[in-house]
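This report concerns only the one structure given below.
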Amino acid sequence: MAAMAIRNSASRGTMMSRQIWGLRSMSSWWKNVEPAPKDPILGVTEAFLADPSPDKVNVGVGAYRDDNGKPVVLECVREAERRIAGTSFMEYLPMGGSVKMVDETLKLAYGDNSEFIKDKKIAAVQSLSGTGACRLFADFQKRFRPDSQIYIPVPTWSNHHNIWRDAQVTQKTYHYYHPETKGLDFSGLMDDVKNAPEGSFFLLHACAHNPTGVDPTEEQWREISQLFKAKNHFAFFDMAYQGFASGDPARDAKSIRIFLEDGHHIGISQSYAKNMGLYGQRVGCLSVLCEDEKQAVTVKSQLQQLARPMYSNPPLHGAQIVSTILGDPALKGLWLKEVKVMADRIIGMRTALRESLEKLGSPLSWEHVTKQIGMFCYSGMTPEQVDRLTSEYHIYMTRNGRISMAGVTTGNVGYLANAIHEVTKSS
Amino acid sequence: MKTNDFSSSSSSSPSDRRIGALLRHLTAGTDADRVSSVFASPTSGGAGGSVFAHLVQAPEDAILGVTIAYNKDPSPIKLNLGVGAYRTEEGKPLVLNVVRKAEQQLINDRSRIKEYLPIVGLVEFNKLSAKLILGADSPAIRENRVTTVECLSGTGSLRVGGEFLARHYHQVDMLSLLFFFFQKTIYIPQPTWGNHPKIFTLAGLSVKTYRYYDPSTRGLNFQGLLEDLSAAPQGSIVLLHACAHNPTGVDPTLEQWEQIRKLMRSKGLMPFFDSAYQGFASGSLDTDAKPIRMFVADGGELLVAQSYAKNMGLYGERVGALSIVCKAADVAGRVESQLKLVIRPMYSNPPIHGASIVAVILRDRNLFNEWTLELKAMADRIISMRKQLFEALRARGTPGDWTHIIKQIGMFTFTGLNPAQVSYMTKEYHIYMTSDGRISMAGLSSKTVPHLADAIHAVVTKAL
């Protein structure tokens with residue numbers, strides 16, 4: 001009834017519309033488009049760039065800076081680009097991307113001598129960095145497990161919510177961060193895992209949790225894995241910081257290796273944005289561990305079906321850089337060294353920040369600054385305190401109090417500590 | 001065959017081995033084998049097999065499958081007229097000189113960093129792209145009514161545009177005081193590039209078709225086109241190939257474009273141009289953009305997806321742009337903000353390399369001019385191939401009217417051959433094309449035209 005009424009009024013409206021075509025032609029099809037809210041993370045850098053203050057500090061977006069606050073292009077990347085320039089024919093990659101790049105990337109996640117790689121049980125495609133890998137997986141999940149939902153940790157990288165929402169997969173959350181301890185809410189997490197319906201899909205940060213920097217211990221990962229087995233849950237790992245967290249890629253993949261040992265058929269999103277500094281190249285990999293080679297071929301073919309109407313085939317340049325580096329033992333060795341330098345600098349800045357705050361006599365505990373790991377520190381500051389940092393001290397970070405340690409230098413750590421102390425000392 | 005991803009160049013390439021493995025698995029084994037292999041696996045653990053065990057293999061992509069078959073053919077006279085990537089007279093892929101120069105410039109600039117682009121992409125690239133397609137003196141640009149975002153080549157631009165339309169495109173009829181939603185439908189030409197319907201369906205639009213190609217004339221079914229667009233509900237979106245229609249090579253004349261424009265504006269139909277061949281079709285960038293500029297000139301709104309895959313030979317770098325021409329500047333601003341919400345959960349921000357190359361070329365007058373010359377050379381070679389093939393068929397007295405070969409434009413010719421004939425040509429002459437009879441003129445050379453002409457002559461006279 002209602003549908004018919006709507007249709008009737010639609011056709012009536014159509015006739016009237018045609019008569020007033022002259023009037024309609026004046027107005028835009030888009031005049032009802034609302035201005036969208038700024039992205040909470042990327043909007044920070046926009047604001048930072050617009051600030052004329054010479055004291056300004058950007059500890060917002062997670063892009064690495066050296067101790068002079070400058071962005072870094074790794075030497076191994078420069079060398080790879082030198083080799084590539086002038087030689088590439090720039091032809092289309094296959095839909096699944098560069099085979100060489102994917103093969104090398106799987107070794108990083110699954111292990112150089114992984115039997116899964118040998119037995120060809122992994123369905124893997126090159127993706128548009130970590131975002132693209134998560135989105136492809138979310139679309140895949142929607143298409144083939146339409147009744148499933150995704151459990152996302154609280155908090156998480158804000159774009160995770162956007163990705164699964166746009167893929168139209170129902171989202172639920174699980175406890176993760178414990179504000180009181182500024183550490184892991186392990187019992188809350190385990191309860192949520194236990195209470196989730198059997199066969200639920202979970203998003204896990206493999207290492208260097210974004211935004212909190214709080215990771216489960218190895219023992220905790222083992223317990224999580226055991227409970228996942230009991231509940232038959234699907235584990236999807238977002239690994240955006242392999243090598244960046246501890247400085248050792250194998251160590252940073254421990255959570256994944258534990259799950260593999262325990263027999264889980266997992267999914268993984270890998271990104272080279274941070275650990276190879278290839279941010280703007282958009283290069284990553286989505287993999288899904290299958291039961292056998294035939295299934296892997298099948299799953300890969302379906303992933304490609306999702307990639308084709310999104311971008312046809314992934315960009316070449318970043319993949320060439322990765323293949324060149326990882327395929328050359330000398331360059332790969334150089335890369336591993338450079339990754340460790342980056343990770344070590346960040347660990348050093350954590351120590352420096354914590355010591356500075358303690359020296360200033362802060363009444364609060366800043367132990368979490370050195371306990372947390374990876375690029376980010378979840379400071380525990382409130383949005384209001386963050387706003388004060390920005391307006392009074394020209395310090396830019398996301399309003400959840402997340403500090404990108406990559407933006408901290410020996411040159412600005414004192415200024416930063418002082419500002420944090422000032423806005424938090426009365427709390 | 002040389003590939004770009006540094007995979008082994010030995011005779012048994014990884015892709016061959018994979019295809020071999022796939023074939024073995026598809027042809028061998030019973031269900032029992034499959035089941036037993038799961039339980040026998042030491043790593044299958046626990047109770048769970050894979051949550052994706054119920055999946056079936058997706059069909060091979062029709063176009064890309066042609067190249068796969070071609071690669072496996074050992075014949076020395078094989079000819080690949082499948083996928084639309086430009087080839088030289090020598091049958092080699094071509095990297096433009098201006099692209100090599102731009103690459104060097106980028107490499108030598110040590111101050112360049114590879115950080116994230118903004119969500120909308122490389123801003124200079126966006127501005128230059130808009131100027132390229134709309135014209136440097138476009139009133140829409142002057143009035144700040146255009147929003148442009150860098151996307152992943154044509155595919156990505158179409159997908160982002162489609163998603164935006166699915167979310168935000170609806171009509172409000174003020175007079176009737178009703179807020180009602182027209183079904184967001186996009187009309188695509190029949191036939192069109194195989195990926196179009198998939199892109200728009202996944203974007204959330206309903207896909208319908210309008211008549212386009214007339215098999216009896218191998219030209220445009222203009223009457224049918226006008227009728228179908230007339231019958232489309234007000235507010236429908238219409239996909240238009242800006243030039244060098246893929247797969248047919250059949251384009252409307254400028255007079256016909258003018259009629260299409262008038263009709264669409266009077267019906268309130270939203271134009272969405274796919275411009276994948278600007279400069280490649282006629283050899284002139286401005287000529288190939290004329291239909292789009294006609295629509296912009298009437299002050300109305302439109303979307304245009306641009307690709308630099310063919311006209312700059314940047315295929316694998318995935319460089320393109322989506323421009324939305326709006327009625328007013330403040331509208332353009334809001335539209336951009338909403339485009340960002342589509343892009344961020346898809347891939348966050350676009351790749352930097354290809355767009356940087358394009359920006360270097362477009363911003364430098366000398367490089368730009370040099371590019372137009374290289375572009376014209378590619379277009380001219382294709383036009384020459386058309387002439388040669390036409391002459392070769394005429395010389396053989398091949399029955400039928402083959403003038404469509406020289407009337408059609410762009411990289412592709414819709415030969416009019418049927419699947420049986422195509423299949424025969426592949427088997428007997430080792431000539432590879434898509435089963436709809438589409439051949440890529442870019443894959444032909446003066447040396448191979450006679451072979452193709454012989455094959456066409458054979459299948460036509462064989463009455464298959």
Side-chain angles (χ1 to χ4, degrees), chain A residues 9-10 13-14 16-17 20 28-31 33 35-36 39 63 71 73 81 85-86 88-93 98-100 128 131-132 135 144-145 159 162-163 166 229 232 234 263 265 278-282 290-292 294-295 297-299 301-302 305 308-312 315-317 323, chain B residues 4-7 14 22 25 37-38 43 45-52 55 57-58 93 95 100 103 107 113-117 152 155-156 159 168 172-173 175-176 178 180 195 198-199 202 234 301 314-318 326-328 331 334-335 337-338 341 344-348 351-353:
Chain A
S9 60
T14 305
M16 291 170 73
S17 304
I20 54 132
S28 168
W29 295 118
W30 316 117
K31 65 181 199 295
V33 171
D39 186 277
V73 178
E81 291 210 289
S88 168
F89 281 93
M90 296 175 181
E91 300 255 278
Y92 291 124
L93 281 175
S98 159
V99 172
K100 177 119 198 291
L128 295 162
T131 306
R135 175 57 180 270
F144 294 104
R145 298 299 298 243
N159 204 25
N162 300 331
I163 290 168
D166 273 19
K229 268 177 83 169
N232 231 357
F234 183 95
H265 290 101
L278 296 179
Y279 307 95
Q281 306 292 346
R282 318 311 293 129
C290 301
E291 293 170 292
D292 54 39
K294 178 173 171 195
Q295 200 178 84
V297 169
T298 299
V299 168
S301 75
Q302 293 294 353
Q305 288 289 308
R308 174 66 156 153
M310 199 185 283
Y311 49 83
S312 280
L316 181 58
H317 193 67
S323 301
Chain B
N4 274 320
D5 61 351
F6 301 95
S7 53
L22 165 63
H25 278 272
S37 78
V38 170
T43 59
S50 169
V51 298
F52 300 113
L55 266 63
Q57 174 100 7
V95 178
R100 288 281 184 238
E103 272 190 308
I107 276 285
I113 40 172
K114 320 283 189 194
E115 301 250 294
Y116 292 122
L117 286 175
L152 280 100
T155 307
R159 176 62 178 267
H168 297 289
V172 176
D173 187 298
L175 274 194
S176 67
L178 271 173
F180 56 87
N195 206 17
K198 295 181 198 159
I199 293 169
L202 285 200
Q234 192 144 14
E301 298 179 317
L314 292 175
Y315 307 94
E317 300 298 353
R318 318 311 293 128
C326 308
K327 279 266 163 64
V331 174
R334 282 181 274 133
V335 164
S337 73
Q338 291 292 349
L341 291 194
R344 174 64 158 154
M346 207 183 273
Y347 50 85
S348 282
I352 190 172
H353 188 68

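Below, chains carry the letters A, B, ... as their sequence lines are ordered, and counting in each starts from 1.
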With a 3.5 Å distance limit and no angle check, can you tell me whether [X] reaches the backbone of [Y] through a side-chain donor-acceptor pair?
| X | Y | value |
| --- | --- | --- |
| Arg159(B) | Tyr311(A) | no |
| Arg308(A) | Asn195(B) | no |
| Glu115(B) | Pro71(A) | no |
| Glu103(B) | Gly86(A) | yes |

Fill in: Note, Ile352(B) side chain near Gln281(A) side chain (heavy atom, < 4.5 Å)
yes

Approximate separation, where rounding is to 0.5 Å, of [X] [atom1] and [Y] [atom2]:
| X | Y | atom1 | atom2 | result |
| --- | --- | --- | --- | --- |
| Leu93(A) | Tyr315(B) | CG | OH | 14.5 Å |
| Glu317(B) | Met90(A) | CD | CE | 5.0 Å |
| Arg318(B) | Arg282(A) | CZ | CZ | 15.5 Å |

Item to complete: Below 4.5 Å from any heavy atom of chain A, which atoms of Leu314(B) appear? Answer side chain, backbone, both or neither.
Response: both

Worksheet entry | Side chain / backbone / both / neither for Leu341(B) at chain A, heavy atoms under 4.5 Å | both

Fill in: Greatest number of heavy atom pairs closer than 4.5 Å to chain A - which of Val95(B), Leu55(B), Val335(B)
Leu55(B)

Worksheet item: With a 4.5 angstrom heavy-atom cut-off, which part of Val73(A) approaches chain B: side chain, backbone, both or neither?
Response: side chain

Worksheet item: Considering only heavy atoms, which portion of Phe144(A) lies under 4.5 Å from any heavy atom of chain B: side chain, backbone, both, or neither?
Response: both

Worksheet item: Going through the distances and angles, do Gln57(B) and Val297(A) end up as a side-chain contact (heavy atoms from CB on, under 4.5 Å)?
Response: CA-CA 7 Å; Gln57(B) 174 100 7; Val297(A) 169; 3.4 Å; yes

Fill in: Minimum heavy-atom distance between Arg100(B) and Ser88(A), given as atom pair plus value
NH2-O, 3.0 Å

Fill in: Minimal non-hydrogen separation, Pro315(A) against Pro351(B), with atom names
CG-CG, 3.9 Å

Worksheet item: What residues, two or more places apart in sequence or in another chain, satisfy side chain to side chain contact (heavy atoms under 4.5 Å, CB included) together with Asn159(A)?
Response: Thr131(A), Trp157(A), Asn162(A), Ile163(A), Arg344(B), Pro345(B), Ser348(B)

Fill in: Check against side-chain contact (heavy atoms from CB on, under 4.5 Å), Met310(A) and Thr155(B)
CA-CA 6 Å; Met310(A) 199 185 283; Thr155(B) 307; 6.0 Å; no

Item to complete: On the 0 to 90° scale, with breaks at 30° and 60°, tag the His353(B)-His317(A) ring pair as parallel, tilted or perpendicular.
Response: parallel

